[in-house]
Number of protein chains: 2
Amino acid sequence: MVADAHALAPFVGKLKLTSTISAKSETAILALPHTRRVVRQGNVFIAEGRGASTCCFIVSGFACRQKLLAHGSRQILNLYFRGDGVDLQSALLPWADHTVLALTDLDAAFVPVQAIRELIKDHPEVGEAMWREALLDASIQREWTVNVGRRDGRARIAHFLCELHYRQQQVGLGDSRTIELPISQEQIGDCTALTAVHVNRMLSSLRSDGVLQARRGTCSITDWDRLRMIAGFDTAYLYPPLAA
Amino acid sequence: MVADAHALAPFVGKLKLTSTISAKSETAILALPHTRRVVRQGNVFIAEGRGASTCCFIVSGFACRQKLLAHGSRQILNLYFRGDGVDLQSALLPWADHTVLALTDLDAAFVPVQAIRELIKDHPEVGEAMWREALLDASIQREWTVNVGRRDGRARIAHFLCELHYRQQQVGLGDSRTIELPISQEQIGDCTALTAVHVNRMLSSLRSDGVLQARRGTCSITDWDRLRMIAGFDTAYLYPPLAA
DNA sequence: CGACAACTTGACGGGCGTCAACCGGAGTGG
DNA sequence: CCACTCCGGTTGACGCCCGTCAAGTTGTCG
């Protein structure tokens, strides 16, 4: 993994995908006070029901939002990686409705909420970009609702992989036919509301159809058109930059 | 239905539930240029893939966001009613990732996107309140993902009803034991990712357990504690006002 | 009173969950 | 270098929740 010169640079890069960021705004973001540290795999760094005094910006590694139910089952709500600002919402809401935890070791920058609020106040352009980012996050959440609600197991996993590939391409992870997937089949199941066993069956099915190959930590797509068709994948909800 | 003196008053009321709105800001919101009109049941007023030049604020009636899949099935993503500002996101995103349609006849105010953008610019406090509103919407979306992903049919419908009741209470719809539910069982199914037949069975089950009664257009809850327990309902994700 | 939509109920089947056994690679300790 | 352990992946058997199909009932509106 490349050691980034600046821990907030990937985040700025992400914002620029959907918003215009002036040089002045960029400087202001990079000037945010922050501490950069490693979060160990399995660590919860935002806990459901509690407020947060810092926001987190991921440089490398994987994190997820999740909710646990009384019965013991869990639903993963989204995955986050390089460039993602996790829980900017902490700046505006009094507590978190969900948990955020590290799925792998994480290299991340933590910024005090107060500094974010001041940044937004002094640079409305940045506030708008962050707001837009939150709307994109919500759009992804809607698609996940559709995914678990209305697609069968096979299509569900295919769609999950398509989205992941697209989002990783945007921030320079994986390559044109590879997805970084450093999570277990059980965790894929918690993303797609399936059991680990059924995830395994569906992955086998996709594999034997020659659509993909899965190794530890990565997934190679061998037939993109097929996968997209199985998934019914359309990038519109990810708001691809018009000037691409 | 009460004829509101001002079409945007319910929206201001909704904002005040989670944000502090100064008298000056309130005046500015109410001064927004708008046209008030009735949208007929079944009308699509925001179409997937297209941009919108106006935002919609509901005074009375029910609307929903939805997505259609290639196979023909649909997922309803959220319901909207009195006080809800539908698709403020149109002000920040170039197109809609979903469709919004009227489930009943709607009394609503339409405000030009441009006017919203100017309002936000001149009154950052309002921008923040709207941003917070968007975050709350996203929180609800997460819970819907959990609902269709991890609860069985009975709990799913129970949770759907609990949320609806809570949100309606907040804006003065229904009463302490009544939910306004002017939608068909098929539409409830599209909200909960079930078929109309199964919705019917689960409602029957809840009815025969003495938890609720359902009539055309309304639903009476006869045993709230029971329903909440079946649903595993916790209001935290709806961010109840602290000063209640 | 006829038409139509929505609700209701029953029979049947399939997708996915559950349980359980086995395999395979990575790390650990002797 | 080889046992041992452990976690995750793999595969099969079986069962249930919910989808599907179909028929019948109710309610509303003309």
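Letters A, B, ... are given to chains in the order of the sequence lines, protein chains preceding strands, and every chain is numbered from 1.
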Is any side-chain nitrogen or oxygen of Gln185(B) closer than 4.0 Å to OP1 or OP2 of dT8(C)?
yes
Please determine whether a side-chain nitrogen of the Lys or Arg among Glu48(B) and Arg65(B) lies less than 4.0 Å from a carboxylate oxygen of the Asp or Glu.
no
In short, the helix from dC1(C)-dG30(D) to dG30(C)-dC1(D) is bent end to end, axes from five pairs each side, to 10°, by 30°
Please assess Gln141(A) against Thr145(B) for the test side chain to side chain donor-acceptor pair (under 3.5 Å), listing each intermediate value before the final yes or no.
CA-CA 8 Å; Gln141(A) 196 65 57; Thr145(B) 303; 3.0 Å; yes
Using 4.0 Å as the upper bound for N to carboxylate O, is an ion pair formed by Arg151(A) and Glu143(A)?
yes
Spacing between His71(B) atom NE2 and dG19(D) atom P, to the nearest angstrom:
13 Å
Separation of dA6(C) P from Ile183(B) CD1 (nearest whole Å):
12 Å
DNA chain D contacts made by residues 141-160 of chain A, counting heavy atoms under 4.0 Å:
none
Would you please classify the geometry between the Phe62(A) ring and the Phe81(A) ring as parallel, tilted or perpendicular, with 30° and 60° separating the classes?
tilted
Does this structure show an ion pair linking Lys67(B) with Asp234(A), if we count only N-O contacts that are shorter than 4.0 Å?
no
Might you work through the side chain to side chain donor-acceptor pair (under 3.5 Å) test for Tyr80(A) and Asp87(A), ending with a clear yes or no?
CA-CA 11 Å; Tyr80(A) 296 101; Asp87(A) 273 305; over 6 Å; no
Would you please classify the geometry between the Trp224(A) ring and the His165(A) ring as parallel, tilted or perpendicular, with 30° and 60° separating the classes?
tilted
Per atom distances to the Ser184(B) side chain, the nearest of dT10(D), dG8(D), dC7(C) is dC7(C)
Please list residues of residues 189-213 of chain B whose heavy atoms come under 4.0 Å from any atom in DNA chain C, ordered by number; otherwise none.
Val197(B), Asn200(B), Arg201(B), Ser204(B), Arg207(B)
